[in-house]
Amino acid sequence: QLCGWISQADLSIVNYEGVIPGEASTRPKVGASVRMDPVGPALLAKMGFDSASLANNHTMDFGPDALQKNRDLLQQVGLTVFGAASNEQHAMSPVFHQVHGQRIAVLGFGEFEFGVAGPDQPGTSWISHPHAIRQVEQAAAEADVVIVVAHGGVEFVPVPPCQRRQQLHAFIDAGASLVIGHHPHVPQGWEQ
């Protein structure tokens, strides 16, 4: 049934939280390094996903070469990829989809953890970057609908802390139509 919902949706987005490392070894960090099965990208495409966010705390577990390899693998099976790239400007850039005659912009942001992109450094986009809100405002000027996928927050807490809610509300104020938060490992609140 889940595969049916994914494949029948007008736009399906997945958080791709791990890496197919190839020959790369893990980078020193606190916490686990997450390896993905090499069939993962093809399986996601077969399930009907359209787009994959890499803005999370495991994208850089195996370094910049593995990041590029995973971007390439996801794109080869037809998924658009956002939230991590060769530099911060590219990592914070939206991807666009056409859905029922409307232009949809999708952006991904994560917390400042291991592997955040810099001006000339590959990595993930940072949710508190001074230009993050401006990126959403610009996307809102170029699209009919803006979706922000935000990775972060306090793990195992059933209610998002006030600071996190304010942070995500800022994206709505900047023009986002929908903000999807994930990472806490438990269901949290939602609001409309």
Side-chain angles (χ1 to χ4, degrees), residues 2-3 5-7 9 11-88 90-95 106-118 121-129 132 147-158 160-161 164 167-168 179-188:
L2 180 60
C3 289
W5 290 338
I6 292 167
S7 65
L11 178 61
S12 294
I13 301 168
V14 65
N15 173 44
Y16 188 79
E17 191 166 0
V19 180
I20 299 169
E23 300 301 316
S25 60
T26 60
R27 295 180 63 185
K29 65 175 259 193
V30 174
S33 294
V34 178
R35 291 177 182 265
M36 300 292 264
D37 190 301
V39 302
L43 180 61
L44 294 173
K46 184 177 179 180
M47 290 176 69
F49 283 104
D50 303 299
S51 210
S53 174
L54 297 181
N56 63 64
N57 57 306
H58 289 291
T59 292
M60 293 299 288
D61 282 357
F62 295 89
D65 291 341
L67 164 64
Q68 188 57 53
K69 174 185 175 179
N70 281 260
R71 282 183 56 86
D72 292 345
L73 289 170
L74 289 162
Q75 290 171 337
Q76 286 169 10
V77 296
L79 277 75
T80 60
V81 180
F82 62 95
S86 58
N87 60 55
E88 67 186 14
H90 190 196
M92 289 194 300
S93 296
V95 294
V106 185
L107 300 97
F109 298 101
E111 292 182 335
F112 194 99
E113 295 188 46
F114 167 82
V116 170
Q121 174 182 325
T124 60
S125 61
W126 175 33
I127 197 166
S128 296
H129 189 283
I147 299 171
V148 172
V149 179
H151 190 85
V154 181
E155 292 183 357
F156 303 109
V157 175
R164 178 70 172 168
Q167 183 181 47
L168 300 182
V179 177
I180 303 166
H182 53 89
H183 172 71
H185 300 274
V186 293
Q188 289 190 334

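- Closest approach of Val19 and Ala66 over heavy atoms only: CG1-CB, 3.6 Å.
- One finds the CG atom of Leu54 at 4.5 Å from the OG1 atom of Thr59 (value rounded to the nearest 0.5 Å).
- Between the side chain of Arg71 and the backbone N or O of Ser86, no donor-acceptor pair lies under 3.5 Å.
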Test side-chain hydrogen bond (donor to acceptor under 3.5 Å, both in side chains) applied to His151 and Glu111, step by step
CA-CA 7 Å; His151 190 85; Glu111 292 182 335; over 6 Å; no
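- Taking 4.5 Å as the limit, every side-chain heavy atom of Asp72 sits out of range of all side-chain heavy atoms of Lys69.
- Here the CD1-CD distance, from Ile127 to Gln167, works out to 4.0 Å after rounding to the nearest 0.5 Å.
- Here OG of Ser93 is found 8.0 Å from CG of Leu107. Values are rounded to the nearest 0.5 Å.
- Across all their heavy atoms, Ala55 and Gly108 have their closest contact at CB-C, 3.6 Å.
- Inter-residue side-chain proximity for Val106 and Thr80 is flagged as unmet; no heavy-atom pair is nearer than 4.5 Å.
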Report all side-chain donor-acceptor pairs from residues 32-50 shorter than 3.5 Å, counting only partners two or more places apart or in another chain.
residue	atom	partner	partner atom	Å
Asp37	OD1	Val39	N	2.9
Asp50	OD2	Ser12	N	2.7

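- Atom-to-atom distance recorded for Thr124:OG1 and His58:NE2 is 11.5 Å, nearest 0.5 angstrom.
- Atom CD1 of residue Ile180 and atom CD1 of residue Ile13 lie 5.0 Å apart, to the nearest 0.5 angstrom.
- Using a 4.5 Å heavy-atom threshold, the side chains of Phe82 and Ser51 count as touching.
- The backbone N or O of Val157 lies less than 3.5 Å from a partner atom in the side chain of Gln188, making a donor-acceptor pair.
- Residues Phe109 and Trp126 approach most closely at CD2-O, 3.8 Å, considering heavy atoms.
- Residues forming a side-chain contact (heavy atoms from CB on, under 4.5 Å) with Ala91 (at least two apart in sequence, or on another chain): Ala85, Ala117, Ser125.
- A pairwise comparison of heavy atoms in Pro64 and Pro122 identifies CB-CG, 3.6 Å as the closest pair.
- Here CD of Gln121 is found 7.0 Å from CE of Met60. Values are rounded to the nearest 0.5 Å.
- Within the 4.5 Å cutoff, the side chain of Phe114 has heavy atoms near those of the Asp61 side chain.
- With His183 as reference, Asn57 is the one residue of Asn57, Asn56, Asn15 to meet the side chain to side chain contact (heavy atoms under 4.5 Å, CB included) rule.
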